[in-house]
Trainee: 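Pasting a structure below so you can have a look.
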Amino acid sequence: MVESLARRILGAAGYRRIETPAFEATELFARGVGVATDIVQKEMYTFDDGSGRSLTLRPEGTAPVCRAYLEHGMHKLPQPVKLWYLSSFFRYEAPQAGRYRQFWQVGAEAIGTAEPAADAELIVLLAALLDALGVRECRLRLSSLGTPETRAEYRDELQGYLRGHEDELSAEVRARIDANPLRAFDSTHPGTRAVMAGAPVLLDRLAPDDAEHFAQVCALLNDAGLHYELDPTLVRGLDYYTRTVFEFASDALGAQSGVGGGGRYDRLIEQLDGPPTPACGWAVGIERMLLAAGELPTAPSPVDLFVALAPGGDHRVAFGLATNARRAGLAAQLELAGRSLKGQLRHADRIGARYVAIVTDPMTLKDMESGEQQQTMPDAIIPTILRGSRLT
Ligand code: HAM
C-alpha cells in the first residue's frame, strides 16, 4: 500500500524509481553525511569486506543516490533528475517504538535544480503521501540554514551571546556552548528559556539571496494551502543541508515524533567530486508513518479457487489445475500441508475461498457460497469459475 501510493504520487510528478546497493564504501558516508554527525560517529554498521576495503550498510539514501547520479553520468541528462526510492536502512541506535536498527524509508530527490519550486514541490508531495496514508496529527516545521559560511558566522554570534548570559543558563547548556550552542534552544530550564527568547536566530542572518529563496519557498507553500510553522531552531542530523530544511512531526507518535524530513543540499554533489549541482529531497520512515496512521484497512486478498486433494487423488492433476487457474488470471491456492479432506475444506473456508475443487475421480467442484457441490469435468472448472456461475 505504501509502495503503490508512493509510486502513484511521486510517479505522477515525474520521479523515477532508483535502487542502490545495501552497502557502500564507508568514505561515501563520511564525506557525504559528515564525519562529525552522530550517524557517522556512532551509528554505522561498518565492516571490512575481506580485501581491506571498508564498507558500510547504508544509514541513509541521499549520499548513495548522489553517488549513483555521478557514477552513471546522470549529470549529462536533462536536469533536474528526479528519483525516488523505497529501501531498508541501518543505524546502530538504541531500539524503541519507532526506532529500529533496520528500518524502511521512502525517499525522493530532485537533483540539478536550485528552483524554490523544487523545494515546495517536494514538500507538497510528502504532505500528499502522509495524507493519503492517513498519518494523524502532523505538523510541518520549516526553516532555512543558508550557507555553511552564514552558519559559521551565526554560530560565533550565538556563542558570544550565550557567553554574555552564562550566569543565567543551566549548567548543561553552559557546558555545551563550544560544542553545540544550538542545543540551548531545546532547553526546558526557565533561565535558559528566558535568555533564548532574546537570542539571535539564523533566519534573520541569511544572506539576501538565501532569504529571497526561502521567501519564495514559503510563498509557494502558502499558495498550495499547506500549513507550516517557521522554526528557526530546526536542526537536522545530517551535515549536507543548505538553505531549506523541513520536518514533519506527528503527535500521534511518542518520543520519536519525526516522521520524515529533508531539505536542500546544494554542495553535496561537489563534495563527492562532481560538478556544482544544487539539489533537494526528503525521506520518510515507513514504520513511523504506519505507527502514526494507526490501523490501516487491509482487504484480505481474494481466493477464487482452493484445490483440495481427496485420499487417492492425483497430486499432479491438482498442481496442474492450480497452475492453469493462475494462468487464466484466477487467484488459486493448492493444499500443501497434507491436511485431511475435512481439514482442507475448513482451511478453504478460513481463507475465504469462493470455490473448492476436490481432486478425486471424478472431480468435484464446491461452491463455498451456496454450499452446493457437483461432479465436473476437469476442463469445465476454470470456465465455470471465470463465469462466476453458481452451482445448482
Ligand atoms: P533522516 O531525518 O535521518 O533523513 O531520516 C528520515 C526519516 O527516517 C526519519 O524522519 C524517520 O522517520 C526515519 N528514521 C530514521 N532513523 C530511523 C530509525 N532508526 N528507525 C526508524 N525510522 C528511522 C534522512 O535520512 C535524509 N537522507 C533525508 C533526505 C533526503 N534529505 C534530503 N534528501
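Note: hydrogens, waters and symmetry copies are ignored here, and every other heavy atom, side chains too, is used. Counting starts at 1 for both ligands and their atoms, following the listed order.
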Trainee: For ligand 1, is there an atom lying under 4.0 Å from some heavy atom of Trp104?
Mentor: no
Trainee: Could you tell me if any non-hydrogen atom of Gly237 lies under 4.0 Å from any atom of ligand 1?
Mentor: no
Trainee: Counting each atom of ligand 1 from 1 as listed, which ones have a heavy atom of Gly98 under 4.0 Å away?
Mentor: 20 (N), 21 (C), 22 (N)
Trainee: May I ask you to list the atoms of ligand 1 that are less than 4.0 angstrom from any heavy atom of Gly281?
Mentor: 30 (C), 31 (N), 32 (C), 33 (N)
Trainee: Counting C-beta onward and ignoring hydrogens, is there a side-chain heavy-atom pair between His213 and Arg243 closer than 4.5 Å?
Mentor: yes
Trainee: Would you check whether Glu287 reaches within less than 4.0 Å of ligand 1, judged by its heavy atoms?
Mentor: no
Trainee: Stepwise, does the side-chain contact (heavy atoms from CB on, under 4.5 Å) test hold for Phe47 with Phe23?
Mentor: CA-CA 10 Å; Phe47 57 97; Phe23 53 79; 4.2 Å; yes
Trainee: Does the side chain of Asp119 come within less than 4.5 Å of Val217's, by heavy atoms?
Mentor: yes
Trainee: What residue and heavy atom of the protein are closest to atom 6 (C) of ligand 1, and at what distance?
Mentor: Gln105 NE2, 3.3 Å
Trainee: If you count the atoms of ligand 1 from 1 in the order shown, which ones are under 4.0 Å from a heavy atom of Gly262?
Mentor: 31 (N)
Trainee: What part of Arg288, side chain from CB on, backbone N/CA/C/O, both or neither, has a heavy atom under 4.0 Å from ligand 1?
Mentor: side chain
Trainee: Distance under 4.0 Å to a non-hydrogen atom of Arg236: what atoms of ligand 1 satisfy this?
Mentor: 1 (P), 2 (O), 4 (O), 28 (C)
Trainee: With a 4.0 Å cut-off on heavy atoms, does Arg264 reach ligand 1?
Mentor: no
Trainee: Kindly confirm or rule out an N or O of Val284 lying under 3.5 angstrom from an N or O of ligand 1.
Mentor: no
Trainee: Please state which protein non-hydrogen atom is closest to atom 26 (C) of ligand 1 and give its distance, to 0.1 Å?
Mentor: Tyr240 OH, 3.3 Å
Trainee: Look at atom 9 (C) of ligand 1 and say which protein heavy atom is nearest, naming residue and atom and giving the distance to 0.1 Å.
Mentor: Val259 O, 3.9 Å
Trainee: For Pro275, does its backbone N or O pair with a side-chain atom of Thr277 as donor and acceptor, under 3.5 Å?
Mentor: yes
Trainee: Are any of the heavy atoms in Tyr241 under 4.0 Å away from ligand 1?
Mentor: yes
Trainee: To the nearest 0.1 Å, how far is atom 14 (N) of ligand 1 from its closest protein heavy atom, and which atom is that?
Mentor: Phe103 CE1, 3.5 Å
Trainee: Tell me if the centroids of the rings in Phe319 and His315 come within less than 6.0 Å of each other.
Mentor: no
Trainee: Considering only residues two or more places apart or on different chains, which pairs with a residue in residues 183-209 satisfy ring pair (Phe, Tyr, Trp, His ring centres under 6.0 Å)?
Mentor: none
Trainee: Counting only nitrogen or oxygen atoms and a 3.5 angstrom limit, does Glu247 reach ligand 1?
Mentor: no
Trainee: If you define the side chain from C-beta out and look only at heavy atoms, does anything of Glu24 sit under 4.5 Å from Phe29?
Mentor: yes
Trainee: Hey, would you say the Tyr92 and Tyr45 ring centroids sit under 6.0 Å apart?
Mentor: yes
Trainee: Heavy-atom contacts with Glu60 under 4.0 Å: which atoms of ligand 1 show up? List them by number with element.
Mentor: 25 (O), 26 (C), 27 (N)
Trainee: Counting only heavy atoms not in Glu27, do more than 12 fall under 6.0 Å of its CD?
Mentor: no
Trainee: Please list, in number order, the atoms of ligand 1 under 4.0 Å from a heavy atom of Tyr100.
Mentor: 18 (C), 19 (N), 20 (N), 21 (C)
Trainee: Would you find more than 12 non-hydrogen atoms of other residues, nucleotides or ligands less than 6.0 Å from Arg163 atom CZ?
Mentor: yes
Trainee: Against heavy atoms of Tyr265, which atoms of ligand 1 measure under 4.0 Å?
Mentor: 32 (C), 33 (N)
Trainee: Run down the list Glu43, Arg58, Glu93, Arg91 and name the one with the heavy atom closest to atom 19 (N) of ligand 1.
Mentor: Glu93
Trainee: Would you say Gly285 and ligand 1 have an N/O pair spaced under 3.5 Å apart?
Mentor: yes
Trainee: What atoms in ligand 1 come closer than 4.0 Å to a heavy atom of Glu109?
Mentor: 30 (C), 32 (C), 33 (N)
Trainee: Spell out, as yes or no, whether a donor-acceptor pair under 3.5 Å connects the side chain of Tyr154 to the backbone of Pro200.
Mentor: yes
Trainee: What side-chain donor-acceptor pairs closer than 3.5 Å can you find for residues 202-209, not counting sequence neighbours?
Mentor:
from   : atom 1 : to     : atom 2 : distance (Å)
Arg205 : NE     : Glu157 : OE1    : 2.8
Arg205 : NE     : Glu157 : OE2    : 3.2
Arg205 : NH2    : Glu157 : OE2    : 2.7

Trainee: Using a 4.5 Å cut-off on heavy atoms from C-beta on, say whether the side chain of Thr26 contacts that of Met44.
Mentor: yes
Trainee: Considering both backbone and side-chain atoms of Tyr85, is one of its nitrogen or oxygen atoms within less than 3.5 Å of a nitrogen or oxygen in ligand 1?
Mentor: no
Trainee: Consider every N or O of Thr62 and every N or O of ligand 1, then say whether any pair is closer than 3.5 Å.
Mentor: yes
Trainee: Can you find a non-hydrogen atom of Gly258 under 4.0 Å from ligand 1?
Mentor: yes
Trainee: Does Tyr85 reach the side chain of Thr20, with side-chain heavy atoms less than 4.5 Å apart?
Mentor: no
Trainee: Would you check if Ile381 and Tyr355 make a side-chain contact, meaning some heavy-atom pair closer than 4.5 Å?
Mentor: no
